[in-house]
Amino acid sequence: MQILKLAGRRLMSSVPTLLILLAGLFILLQFAPGDTVDALMAQMGGGDPAQAAELRRFYGLEGSAAVRLLDYLWRLVRLDLGFSAIYNKPVATVILERLPATLMLMFSALSFAFFAGMVLGIVSAQRVNGWADTVISLLGLLFYATPSFWLGLMSIVVFSIWLAWLPPGGFYEIGSGATGIWLVLDIARHLVQPTITLALIFLAIYLRIMRASMLEVSTLDFVRTARAKGLTRGEIVRKHVLRNALLPMVTLIGLQAGTMLGGSVVIESVFSLPGIGRLAYESVVQRDLNTLLGIVFVSAIMVILVNFIVDLIYARLDPRIAAGA
């Protein structure tokens, strides 16, 4: 019950942050040159001022920024994300069509980075200053220092062009007619390269955090007591060190959820994935304000939910957090 109270309080405190974020982005976008009507007119090859004024009235762009912001926030209360002029359909529909690809990419990349980083961090801490520690630390530094777009492009060159093992992009094979388990396997095959490319930078961070946390916890009194009782190294790691060392790792998941969403913009563009990261880029280019604000709203909700789950897990791992709620 205390855990739920703590998580609920954190969830409610996120609402003002969400409103400030949307309002701030809305105001910033007013300073950007052009708007949705300008993009539409460019696609149509031009038009007269009267037609442009009529389109601005139709899409609600003729009022002041303050009036349009209040109107947008009121529509959000009713879960109305507006209409996309560029895609000619409701924004909610456009985002729901693109959301599965981003969710799968984020979940697979975050899971791979977390568990691989945890394992490599444990191995590195158990063999500190040895050859394994040196190799793992060097690989982590290399992954962290290499730009993700370059990794993605090199991955396509090696595994898609030279070796022809994996598809160079897309979400699934168009026109294959695959269904059921074959469709799942086809999607998984297309996600291998973008998942690993997006995960490598975060994997490097996780393994360094896990290594440092393991070394710190290993010096505490209760670990020395466990050694004095004659427990083996494996028992000490499993029963005493690992649970306490995982706390910084769990915290990092919540902090990096938003960063991973930002990274998906680059990865989805490199691998031609139809996700909301690529949709955000297209919306900026085409001045589709409603779609861009809808993406920010959905992304913020996703980050808030991830942090909500992280709070629950953190309180479960450390009972002192729940006790102080």
Side-chain angles (χ1 to χ4, degrees), residues 94-120 139-176 178-179 181-207 252-285 291-292 295-296 298-303 305-306:
V94 176
I95 293 177
L96 286 176
E97 290 174 352
R98 303 287 193 102
L99 193 58
T102 297
L103 288 178
M104 290 183 189
L105 175 62
M106 280 189 59
F107 179 78
S108 57
L110 194 58
S111 300
F112 177 76
F114 181 86
F115 289 108
M118 180 181 67
V119 172
L120 291 175
L139 287 176
L141 180 61
L142 184 64
F143 293 154
Y144 186 76
T146 307
S148 57
F149 72 88
W150 187 86
L151 280 175
L153 293 174
M154 291 303 100
S155 175
I156 292 173
V157 170
V158 174
F159 296 104
S160 299
I161 298 176
W162 289 356
L163 300 176
W165 288 354
L166 295 168
F171 191 46
Y172 55 85
E173 195 70 34
I174 298 176
S176 64
T179 57
I181 186 64
W182 300 111
L183 178 60
V184 173
L185 292 174
D186 188 29
I187 293 174
R189 184 165 164 265
H190 280 77
L191 284 177
V192 169
Q193 290 190 94
T195 294
I196 295 176
T197 302
L198 181 60
L200 284 180
I201 292 178
F202 298 94
L203 184 152
I205 297 172
Y206 282 128
L207 77 86
L252 206 58
I253 291 178
L255 295 174
Q256 290 190 331
T259 307
M260 187 164 281
L261 265 174
S264 68
V265 176
V266 176
I267 300 302
E268 288 175 6
S269 298
V270 170
F271 290 97
S272 301
L273 279 175
I276 60 174
R278 189 178 174 194
L279 179 64
Y281 170 75
E282 295 170 355
S283 300
V284 170
V285 172
T291 302
L292 185 59
I295 292 169
V296 172
V298 172
S299 300
I301 293 294
M302 289 167 58
V303 173
L305 288 177
V306 169

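We count residues from 1, following the sequence as given. Computed over heavy atoms, backbone and side chain alike; hydrogens, waters and symmetry mates excluded.
When all heavy atoms of L203 and A116 are compared, the closest pair comes out as CD1-CB, 3.4 Å. The shortest heavy-atom contact between P168 and I156 is O-CD1, 3.6 Å. Between A204 and G140 the shortest heavy-atom distance is CB-O, 3.0 Å. A113 approaches A199 most closely through the heavy-atom pair CB-O, 3.6 Å.
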Exercise for review: Could you walk me through whether L191 and F271 pass side chain to side chain contact (heavy atoms under 4.5 Å, CB included), step by step?
Suggested key: CA-CA 9 Å; L191 284 177; F271 290 97; over 6 Å; no
**Study point:** Test side chain to side chain contact (heavy atoms under 4.5 Å, CB included) applied to L151 and I196, step by step
**Key:** CA-CA 9 Å; L151 280 175; I196 295 176; over 6 Å; no
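Note that CD1 of I95 is 8.0 Å distant from OG of S283, once rounded to the nearest 0.5 Å. Rounding to the nearest 0.5 Å places CG of L105 at 12.5 Å from CD1 of I187. With values rounded to the nearest 0.5 angstrom, F143 atom CZ is found 13.5 Å from S148 atom OG. Note: L198 CG to E268 CD = 9.0 Å, rounded to the nearest 0.5 Å. From D186, atom CG reaches atom CD1 of I181 across 11.5 Å, with rounding to the nearest 0.5 Å. Note that OG1 of T146 and CD1 of I201 are 8.0 Å apart. Values are rounded to the nearest 0.5 Å.
Under the 4.5 Å side-chain criterion, counting only non-hydrogen atoms from C-beta, V119 is not in contact with F115. Using a 4.5 Å heavy-atom threshold, the side chains of Y144 and I205 count as touching. Here the side chains of L279 and T102 are not in contact, with every heavy-atom distance at 4.5 Å or above. Contact check for L273 versus M104: no side-chain heavy atoms found under the 4.5 Å cut-off. Side-chain contact between F159 and V192: absent, with no pair of heavy atoms (C-beta onward) separated by less than 4.5 Å.
One N or O on the side chain of Q193 and one on the backbone of P167 form a donor-acceptor pair closer than 3.5 Å.
Considering only residues two or more places apart in sequence or on other chains, F114 meets the ring pair (Phe, Tyr, Trp, His ring centres under 6.0 Å) condition with Y206. By the side-chain contact (heavy atoms from CB on, under 4.5 Å) test, S299 pairs with L261, I276, I295, sequence neighbours left out. Applying the salt bridge (charged side-chain N to carboxylate O under 4.0 Å, His left out) criterion to E282, with sequence neighbours excluded, gives R98, R278.
Looking at S108 and T195, their side chains do bring a donor and an acceptor atom within 3.5 Å of each other.
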